[in-house]
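Down below is the structure, laid out as structure tokens.
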Amino acid sequence: MTAINDLVSSLAKVKYFCFLILTGRQPCLKIPLMKAYLCLVVFLVSVCLAVPENVIAVESSSSLKAGAAKVDVTPVKFPSICGGTMVELWYDKVLDPLSARCFVIASEETTMAIAIVDSNMIPRSVCDEAKKLAHAKTGIPINRILISATHTHAAPSVMNFALGLSADADYAKMLSAKIADGIAQAHARLKPAKVGWTVFEAPEFTHCRRWVRAPDKYQTDPFGKTTTRASIGKAEHEAGPVDEQLSLLSFVSLEDDQPIALLANFSMHYFRYKPGGFSADYFGLFSDALAEKIVPDAKGGDNMLVAMSQGTSGDCGWQNHAGPSKYPNMAEYSTKLADRAYQAYLKIEYREKVPLVMAESKLLVTRRLPSKERLAWAEKINQARGDKRPGNTSEVYAEQATWIDQNQAEELVLQVIRVGEIAITAMPNEVYGVTGLKLKAQSPFKATFNLSLANGAAGYIPPPEQHYLGGYTTWPSRTAGLEVQAEPKIVNSLLGMLEEISDGKKRKVLTTDFYTEQQRQSLKDAHTADNNAENRGANRKK
């Protein structure tokens, strides 16, 4: 039996060696006849012995290790500015703790880290500092660290000009250090592991929150123009599609199959927090509930870590505006979603050796600059406000217009990860459901999920056609100000990176735009009317 196993292993290596030659990855044996002869021999012997494909996959992949840790990032100094509001609100109590849930995954070739942080959005400066500190503690390359905010709207603000907010500088410094500590702890806990994944549909848990309004009910934007054809809440019909998939990436111990960690991903904006205190929102409740189901007495991650990450939810939320609400409170919503996830989790199959690859690139995009008229409008309001922080919508967007004029471009950090046949994309944006659907449909991998608000906070990124409908997510600001073509540029860059890590597989051809006929007509009407022109940057300053 040992001899047969050795023969099978040797054949697998020879076949893989010939594959490297034919694809130009090995600089030896360049004689065409020798190539053909070797490939013919390997092919005939492989057919005769019927060598399984998984044997070759095992030989070409290395063993995995995984480690996980959860650190507390709840504020300790009060009061603190709450992120996730339009104007500054100061909170002095905690409703439930905030966490940074950290994963480290390693193979013989690479080590990478993922941190899912209970925060509304984390600017690149804070992410970069956390990565620098984590690298110093662990040696993990900075470009192999991914940091993503869950998007709870009840965490301390760590970003200046996030609409009318300032950053809590002390908390931001603490947050960077805590994230680095979490990654270091996860790195110290690395152990041999197996990995598995699953994806399932959960349509009753997320819905489009952006609805197209009737012509006689169009609304006025902060600049005094009737441009808002789509807004949050029930109107005529939903403005776009939603990504309803919930993805689970799970790691268990190689030695005894005991759970180590699970990364979940779902496109749901946030539930709702009780005003007046800091909270992890449903992200924390779901994570702890699922961990408890997998490992009773898990104590919220002490024995097994679960993290719910943010997907592509820029235009979606839990409420079904087309019908009655099914979830009277956040706890019930989180528990029911955890129940569904647990049933899917039980069916996951695990593998010991799979390809582990991560890549990063940077993309420079411009912002939609204000017109001379917009700047004059903003200057008048800013002068009247003086040194006070913005107190209403007009003051918020006047300050934003000046900031955009002074910060006309932004460099985005984009990342992709491959764990076997599942891929992860990471982008520093709040993108719409249709963007997530496009990435999944075109990805060369069997399954893909998308982490938004990762490695920075460039804000809402509507696809070009949605800019014409107007509304809050299109009003130019630091959190919604990139050029109209930013979304297709991001999608194209991510798909190109996925191709690079997919062993030569190409992106799939996109055969649908995912919109209904009713939605297409509304988009066409808005385009014909050239709606929202100034907010699209059509009248930008020369």
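Scope of the values below: all heavy atoms of this structure, side chains included, with no hydrogens, waters or symmetry mates.
- Listed by first then second residue, pairs satisfying salt bridge (Lys or Arg N to Asp or Glu O under 4.0 Å) with a partner in residues 200-228 read E204-R340, K225-E534, not counting sequence neighbours.
- In this structure, the ring pair (Phe, Tyr, Trp, His ring centres under 6.0 Å) partners of H151, at least two apart in sequence or on a different chain, are H153, H269.
- Between E410 and R124 there is no salt bridge, since no side-chain N of the basic residue sits under 4.0 Å from a carboxylate O of the acidic one.
- Remark: E88 pairs with R389 by the salt bridge (Lys or Arg N to Asp or Glu O under 4.0 Å) rule, at least two apart or across chains.
- Minimum heavy-atom separation, Q466 to Y515: NE2-OH, 3.3 Å.
- With sequence neighbours excluded, no residue forms a ring pair (Phe, Tyr, Trp, His ring centres under 6.0 Å) with F445.
- Here the straight-line distance linking atom CD1 of I417 with atom CG of L451 works out to 7.5 Å at 0.5 Å rounding.
- The CE atom of M174 sits 9.0 Å away from the CG atom of D168 when rounded to the nearest 0.5 Å.
- Shown here are the salt bridge (Lys or Arg N to Asp or Glu O under 4.0 Å) partners of E395, two or more places apart in sequence or in another chain: there are none.
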Atom pairs and distances, side-chain donor-acceptor, residues 232-242, under 3.5 Å, sequence neighbours left out:
unit_1 : atom_1 : unit_2 : atom_2 : d
H237   : NE2    : S522   : OG     : 2.8

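- Looking at residues two or more places apart in sequence or on another chain, you find no salt bridge (Lys or Arg N to Asp or Glu O under 4.0 Å) involving K326.
- Applying the salt bridge (Lys or Arg N to Asp or Glu O under 4.0 Å) criterion to R385, with sequence neighbours excluded, gives E399.
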With side-chain contact (heavy atoms from CB on, under 4.5 Å) as the test, would you mind laying out the steps for V158 and S119 before giving the verdict?
CA-CA 8 Å; V158 293; S119 183; 4.1 Å; yes

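- R536 forms a cation-pi arrangement with Y468, by the criterion of a distance under 6.0 Å to the ring centre and an angle within 45° of the ring axis.
- Residue pairs meeting the salt bridge (Lys or Arg N to Asp or Glu O under 4.0 Å) criterion with at least one member in residues 449-459: none, sequence neighbours excluded.
- By the side-chain hydrogen bond (donor to acceptor under 3.5 Å, both in side chains) test, T474 is found to be paired with N532, residues two or more places apart in sequence or in another chain being considered.
- Separation of the Y282 and F271 ring centroids does not fall under the 6.0 Å cut-off.
- For the pair R229 and D525, the salt-bridge criterion is not met [side-chain N within less than 4.0 Å of a carboxylate O].
- With sequence neighbours left out, W197 forms a ring pair (Phe, Tyr, Trp, His ring centres under 6.0 Å) with no residue at all.
- Taking NE2 of H135 as the reference point, atom CZ of R144 lies at 12.5 Å (rounded to 0.5 Å).
- In this view, E500 satisfies the side-chain hydrogen bond (donor to acceptor under 3.5 Å, both in side chains) rule with no residue, not counting sequence neighbours.
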